[in-house]
Amino acid sequence: MSPLPQSAGEESLPSSWPHDLSHEPTLKIGEVTTHLRREFPFLAASKIRYFESQGLIDPYRTESNQRIFSIADVERLRFILVEQRDRYVPLPQIKEMLAQLDSGRVSQEHPGKLRALSAEPEVRPTPGIRIRREELAALTGTSLAEIDQLVEAGMIIPDARGRLTAHAVDIVRCSKMLGEAGMDLRSLRQVKNSAHAHATNVASRLATERARNTPLAKERVVNESAELATMLTNLYRALLTENIDVQLR
């Protein structure tokens with residue numbers, strides 16, 4: 001069982017970062033996901049449990065083994081999620097960053113903390129739902145004609161009822177920014193095709209686990225696929241940066 005936080009009369013700082021927030025356990029895991037879901041709409045309790053299994057967080061456990069989280073735990077989770085989403089940092093590296101913050105070897109005004117606390121969350125659809133073209137246009141500030149172009153190019157694929165996944169919001173936003181930067185649809189399709197090929201490889205790698213069809217197996221598939229996606233994204237970013245650097249010299 002994780003130790004209870006120190007009482008107000010004790011002056012020593014909590015051992016885990018952030019040191020300046022309350023470490024009193026007051027929140028159940030469902031309350032934590034609700035608190036963070038506006039910024040991270042696809043966050044599930046299984047992902048939080050996975051972070052715990054990797055030693056990134058250490059919530060208090062009751063006598064009945066229920067996890068109870070503090071405000072400091074929530075901020076620690078926000079930090080982890082921001083590093084994953086915005087910087088594509090793999091979990092082992094995030095774990096080392098947190099160890100440095102825990103020990104005080106780096107300033108508490110860590111760049112990741114500043115991003116996590118000050119970033120204004122973008123409006124995103126509820127996880128798992130399907131959205132109409134009109135909703136996608138409103139969420140991304142994109143015209144219906146531009147969305148139709150992306151559909152025709154195969155960048156986003158509607159279902160039989162013409163609805164799109166919640167991921168379409170990020171795809172459209174990124175495609176729009178790249179288009180404004182001078183990238184044509186042919187170049188964007190190459191990225192799409194590469195992503196599809198890698199997704200097929202990831203699904204193949206996890207096929208045995210998926211076949212078990214148990215809640216625990218499903219949880220493992222979700223977490224392992226997210227980790228593989230982060231590592232592939234990190235590798236692609238490194239390769240792209242290196243190639244651009246070489247070609248511009």
Side-chain angles (χ1 to χ4, degrees), residues 1-129 166 169-170 215 219 222-223 226-227 229-230:
M1 179 186 297
S2 304
L4 280 167
Q6 295 171 339
S7 66
E10 296 178 277
E11 295 185 359
S12 58
L13 289 173
S15 60
S16 62
W17 179 89
H19 305 294
D20 55 347
L21 296 178
S22 171
H23 284 249
E24 181 182 357
T26 57
L27 303 169
K28 296 180 180 179
I29 195 167
E31 295 172 306
V32 173
T33 56
T34 299
H35 187 82
L36 291 170
R37 199 161 275 161
R38 183 185 173 198
E39 296 169 76
F40 309 98
F42 297 100
L43 178 64
S46 61
K47 190 163 192 176
I48 295 175
R49 290 193 292 268
Y50 181 70
F51 289 157
E52 181 185 7
S53 73
Q54 299 301 302
L56 294 159
I57 56 172
D58 184 27
Y60 172 69
R61 294 290 192 117
T62 66
E63 292 295 337
S64 60
N65 210 33
Q66 183 181 34
R67 296 172 180 85
I68 305 293
F69 298 80
S70 66
I71 295 299
D73 290 326
V74 173
E75 186 55 42
R76 192 176 179 94
L77 282 166
R78 183 182 283 114
F79 173 85
I80 296 165
L81 293 163
V82 168
E83 292 301 308
Q84 272 195 322
R85 183 192 66 190
D86 296 352
R87 296 185 62 216
Y88 310 108
V89 180
L91 290 185
Q93 189 175 338
I94 294 175
K95 187 174 182 179
E96 174 57 29
M97 294 162 69
L98 286 168
Q100 293 178 13
L101 288 166
D102 289 342
S103 66
R105 296 199 303 271
V106 295
S107 167
Q108 277 194 276
E109 291 305 312
H110 185 276
K113 182 187 177 189
L114 295 178
R115 281 195 302 278
L117 290 173
S118 63
E120 186 68 27
E122 294 179 316
V123 176
R124 296 171 185 268
T126 304
I129 70 166
V169 172
D170 285 333
E219 184 174 321
V222 168
N223 291 319
E227 264 299 278
T230 297

If you look at every heavy atom in Pro18 and Ala72, which pair is closest and at what distance? CD-O, 3.4 Å
State the CD-OG distance between Glu24 and Ser70, to the nearest 0.5 angstrom. 9.0 Å
Give, for atom OG1 of Thr34 and atom CD1 of Ile29, the distance between the pair rounded to the nearest 0.5 Å. 11.0 Å
Charged N to carboxylate O under 4.0 angstrom, Arg85 versus Glu39? no
Are the side chains of Leu91 and Thr230 in touch, meaning some heavy atoms are under 4.5 Å apart? no
Distance, nearest 0.5 Å, that separates CG of Leu27 from CG of Asp73: 8.5 Å
Pick out which of Asp102, Asp58, Leu81 makes a side-chain contact (heavy atoms from CB on, under 4.5 Å) with Arg76. Asp102
Where do Glu227 and Lys47 land on the salt bridge (charged side-chain N to carboxylate O under 4.0 Å, His left out) test, with the steps shown first? CA-CA 11 Å; Glu227 264 299 278; Lys47 190 163 192 176; over 6 Å; no
When you compare the side chain of Asn223 with that of Arg49, does any pair of heavy atoms fall below 4.5 Å? no
Sub-4.5 Å side-chain heavy-atom contact between Phe69 and Thr26: no
With distance as the sole test, does Gln54 use its side chain to make a donor-acceptor pair with the main-chain N or O of Phe51 at under 3.5 Å? no
Which is it for Ile57 and Leu98 under the side-chain contact (heavy atoms from CB on, under 4.5 Å) test, yes or no, and what are the steps along the way? CA-CA 9 Å; Ile57 56 172; Leu98 286 168; over 6 Å; no
Is there a side-chain contact between Val222 and Tyr50, using heavy atoms and a 4.5 Å cut-off? no
Calculate, to the nearest 0.5 Å, the distance between atoms CG and CD belonging to Leu101 and Glu96 respectively. 10.0 Å
Are any non-hydrogen side-chain atoms of Lys28 and Gln66 less than 4.5 angstrom apart? yes
Any side-chain heavy atom of Ile94 sitting closer than 4.5 Å to one from Gln84? yes
Less than 4.0 Å between a side-chain N and a carboxylate O, is that true for Lys95 and Glu83? no
Between Glu75 and Arg78, does any side-chain N to carboxylate O distance fall below 4.0 Å? yes
Could you check if a side-chain atom of Ile68 sits within less than 4.5 angstrom of a side-chain atom of Arg61, using non-hydrogen atoms only? no
Does the side chain of Met97 reach to within under 4.5 Å of the side chain of Phe79, using non-hydrogen atoms? yes
CG-CG distance between Leu77 and Leu56, expressed to the nearest 0.5 angstrom: 9.0 Å
